[in-house]
Amino acid sequence: MSRAAGVLRRLAAARTSRTDAATGRRTQVFGCRGMTVAAVAVAAATGLAACGSSGGSGSGGGSSSSAGLSGGYGSVPAQHGTAKKGGTVTVAEQPGSTPNWILPVTTSASNTVYNDFSFGWEAWTPLYYQATGVTPTVDEAMSPADAPKWSNNDKTVTITMKKSWKWSNGQPVTAKDLMFTIDEIKAAIKQSPANWAAYVPGNFPATLTSMTSPNAQTVVMNLKNSVNPTWFEDDILTFVTPMPAAQWAKTSANGSIVDFTNSSNAAKIYKFLSSQSKSLGTYSSNPLWRTVDGPYKLTNFNASSGAYTMVPNSAYGGAHPGGNLTVKMVPFQSEAAEFNAEKAGTLDVGVLPESDLPQSNALKRQGYNYFGYPEFGFNAAFYNFKDTTGDWNNIVKQLYFRQAMAHLVDQKGYVNAFFHGAGGYGYGPIPALPKSPFQPADAASNPYPFSVTDATNLLKSHGWTINSGGTDVCSNPGNGSNQCGSGIPKGTKLSFNLIYNSQQTFIGQMDTDLASKAKKAGINIKLQSSNFDYIISNYIDPAAPANVNKWAMNDFGGETNSVYPTTYGLFNTGGSTQIGDYSNSTADKLIQASISSSSASAVKSEASFLTKNQPALFQPEPDVTYVWKNTLSGPPAQFASLTQYYLNPQYWYLTK
Amino acid sequence: MLGYVLRRIGISIIIVIGVSIVVFLMLHFVFGSPARVVLGPKATAAAIKVWNAQHGFDAALPVQYGRYINGVIHGNLGFSYVEYEPVTTLLNQRWARSLFLAGVSLLFAVVIAIPLGIYQAIRRNSLSDTGVTGIAFVLYSMPVFFLGLILIQVFAFDLPIFSFEGSQATSMLGVMADWGAMTLPIATLALIQVAQFSRYMRSSAMDVLAQDYIKVARAKGLPERLVMLRHLLRNAMLPIITLIGLSIPLLLAGNIIVEELFNYPGLGLLFYQSLEKEDYKVLLAYTLIAAVLTVVGNLIADLSLAAADPRIRLA
């Protein structure tokens, strides 16, 4: 999945959208996965071993940036030069991914980082901004509201809008605007749950019992149940983006402002606003979209090509210490074309495609900086715990088997061989990089390091007869500690299928290597290629129960974590975004604690347990690498954040 | 002649209907419905079922096909749930660009290849013929993307004469005027076609030169220039006419690789991106248009052939 609200993250390279096939990732939100986040502060070193690759570093960190970031590919130089006021910066759009949605209530279909992070959020800032830098944590300074205050046993949250935060027409962003937004989200969901990408059935706003406004700046929301405040702020309120009620609460272009608290009116307003959002050709001319509170406003949008231009919003309430740059977003049809533009020097900021990483030093000589970092999330091949083919369900529920499989993942080898040294290790649901405030200590070290011998020994010690190069057979059935495990009859063979997403080359490379190493341990993995959408439509149990016995493992890519990286929905029993029906009572308790207890460290315990328990086969993740001209400067964190897809040009300036 | 044309048109319609059925079924089998694109990967089976019912994707396949064809007849090629645009809008934004790129490159290819092929036939087995043949083989066997990359490296980076990308102008007039940007993509396509056409032309011209009527024309003292123009060119052109006719689908399909390499947003690229995004309404429309163009191209080639060669009787 790629990132964003509520879904699978597809992997990497293209990172076109959080829901489309090109990337291979699901993004969780709302109790499942959510968006990748970064923060103002730049993360410190992770302390992992270096990968030893040329140029790159893997998550072990070869080179380190002058900003104190290590573990990345290349470096982020310190802020330098004298700022020039004004000017234009040309930024590449991701090939084949141009904005096609502008209303801040993002639908599942339009839920892409290109609609949100680098387009919509430039004009309308989320209630709690998710990132600058690479550390996943809410950035209060860039948010239009003060930190939420909790009471009533964490069932009531009070949100106060900052008085300094104003719309571009000079009017303050008020409690009424926030309430309008929430009412419109409710109206959108009522029409279809897919109309708000962050929605998980049964969750917010379904859990909102009442909402009041004691004064012009404050909203008090009462929830049905106690929640974990950090989870609610980081994973839910980050997807609520205040909208201007005084301009948008109408049902037609020339209509008057109506009472949005009336649900019938709210539905009509949503219908009108969403219809305007579908009219791409009017984005720069529609008066609706001229009222903004973000750092930028749109001045030109070419619906045909997807090119657009933004100029600074002088009324922006957040910090904007940069050079008041005009931002020109340029579409590309392919990574090759984008790389050519970088070689020609016509781009100020762009992605360095993975296949062109070996040429990063040539670009540096041309005057570009480059920096790559893994996106916050994890790659994994998922197990199907319900597939009864060959007693697979009984095999995969054995922890020793999943541990043996983890020993066969050559993370260091993958990063060096398949990612050109630019990648981060991942041993559990919280990756080694980017470093999260919620990262447990054991997320940075591999509990099951690569070793075919260790894998073989685990199987041997549990009653399997090893046939290296062939197929292992259970020769000692039973429940004992040295036996195969319950439900595995004598003579059962270790042979199963793995369906992988062939749209991302490195997924196939990793899985082919896994099958090869597994064969040495006598595990026969039958690889089958497919594509992202086909896999998630046909080989995910809740979505396609009829196919439950057709797949033992799938590898569509991975998941993008929310700021608060709970796996609620994904790994809890019966979770709404489950993939292979993993079920563990300890995991259930820990996950439930992550979203409902007041403990800020609950999610650490959850991640720590899951890293050891291996509900999925965790894999490393390639870096997202960006280049930018060395005539462009600003706080290092605001360039590092590009690797997490956050665009903050209000901090940039051209040097004199 | 009229009966032949009408019969061919009838057959063409049947072929297009057949292609549309096959493509519709194949795409339906692969992509099912756009429900998952719209609702997102986490959508439940129940939600998808509801969406399909609301949008007619739960109907029997023949019914869905009938609705689609009815829309096509009325100028509605469907709606792209990925791009939030009617498919016709997406096609309208790009077809002229592809037409220009492929049309101009085809024109250049024909204008260069025909005299070149004749020259080679007249000077066959000479040093110049061998040289041109060698170059043609190199170009013909070269992958388009490789030739494009070489041209970009040499003429855009090493000798910065042309742009590394196709025109980004927003109007067609702007594109047509932007020769600095359009030269390399046109040259890439044209060079490959020159290699192909010139080989056919050389071979055909050599056959014609061996015919008795050429010897008679020369024997009766007709100037060589007239022999070439009146007798050789017209007769040797026949296979090229067929080739050009078959190239017509490219006029709209453009060239996926060249458009991607040169960042040129045409129809070929739209198809490629739709394939990646599984935007099956666009894929369906594009394939249907390609089918129409292919049968039209064949028809035009046959009719042109008959017009060029009175010996060919249409029956």
Side-chain angles (χ1 to χ4, degrees), chain A residues 1 5-8 10 14 16-22 26 28 32 95-96 100-101 107-111 192-194 197 200-201 277-278 280 302-307 330-334 336-338 340-341 343-344 346 503 531-534 536-537 540 542-545 556 569 576-577, chain B residues 30-48 50-51 54 80-85 89-90 92-94 97 145 148-149 152-153 156-157 160 163-166 168-170 256-257 259-266 268-270 272-279:
Chain A
M1 75 207 169
V7 202
L8 314 157
R10 306 80 194 309
T16 40
S17 87
R18 286 163 277 182
T19 55
D20 87 325
R26 302 202 317 174
Q28 303 229 30
C32 8
N100 63 358
W101 188 262
T107 65
S108 292
S110 58
N111 184 25
S192 166
V200 171
S277 190
K278 289 172 186 169
L280 275 65
N302 184 321
S304 171
S305 70
V330 184
F332 283 94
Q333 310 304 325
S334 67
E338 183 175 343
N340 280 337
K343 277 169 69 180
T346 59
Q503 289 165 293
N531 65 54
F532 179 86
D533 279 314
Y534 198 83
I536 62 165
S537 298
I540 287 183
F556 56 80
S576 62
T577 50
Chain B
V30 176
F31 296 121
S33 90
R36 195 161 286 284
V37 171
V38 175
L39 302 178
K42 69 177 180 181
T44 61
I48 287 173
V50 169
W51 193 93
Q54 286 171 344
S80 164
Y81 291 98
V82 176
E83 301 294 341
Y84 280 121
E85 297 260 28
T89 304
L90 294 170
N92 282 337
Q93 288 166 351
R94 293 164 175 83
R97 287 174 168 269
F145 76 89
L149 283 174
I152 289 172
Q153 185 61 44
F157 292 134
S163 171
F164 61 89
E165 63 180 356
Q168 303 299 307
T170 50
I256 293 173
I257 296 170
E259 288 183 5
E260 184 180 354
L261 192 59
F262 289 94
N263 197 35
Y264 186 73
L269 206 56
L270 176 68
Y272 179 74
Q273 288 170 349
S274 300
L275 200 59
E276 276 199 325
K277 296 174 182 173
E278 299 177 2
D279 193 350

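Below, all heavy atoms of this structure are taken into account, side chains as well, without hydrogens, waters or symmetry copies. Letters go in sequence order (proteins before strands), and every chain restarts at 1.
Residues passing the side-chain contact (heavy atoms from CB on, under 4.5 Å) test with A/Thr107, sequence neighbours excluded: A/Trp101, A/Ala109, A/Ser110, A/Asn195, A/Tyr270, B/Tyr84.
Between chain A and the residues B/Arg94, B/Gln54, B/Gln93, the most heavy-atom pairs under 4.5 angstrom are made by B/Gln93. Note: A/Ser304 leads A/Ser304, A/Ala336, A/Ser192 in heavy-atom pairs under 4.5 Å with chain B.
For A/Pro331 against B/Asn263, the heavy-atom pair with the smallest separation is O-ND2, 3.5 Å.
Within the 4.5 angstrom heavy-atom criterion, no atom of A/Ser277 approaches chain B. With a threshold of 4.5 angstrom between heavy atoms, A/Pro193 does not approach chain B through any atom at all. Proximity to chain B involves both the backbone and the side chain of A/Ala341, based on heavy atoms less than 4.5 angstrom apart. If you measure heavy-atom distances from B/Tyr264 to chain A, the contacts under 4.5 Å come from the backbone alone. In this structure, the portions of B/Glu260 lying under 4.5 Å from any heavy atom of chain A include both its backbone and its side chain.
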* Show your reasoning for whether side chain to side chain contact (heavy atoms under 4.5 Å, CB included) applies to A/Lys343 and B/Phe157. => CA-CA 8 Å; A/Lys343 277 169 69 180; B/Phe157 292 134; 3.6 Å; yes
* To do: Kindly determine whether A/Asn340 and B/Phe262 satisfy side chain to side chain contact (heavy atoms under 4.5 Å, CB included), including the steps that lead there.
  => CA-CA 9 Å; A/Asn340 280 337; B/Phe262 289 94; over 6 Å; no
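For the atom pair B/Glu85 CD and A/Asn100 CG, the distance stands at 8.5 Å (nearest 0.5 Å). Between the CD atom in B/Glu165 and the OG atom in A/Ser334 there is a gap of 10.0 Å [rounded to 0.5 Å].
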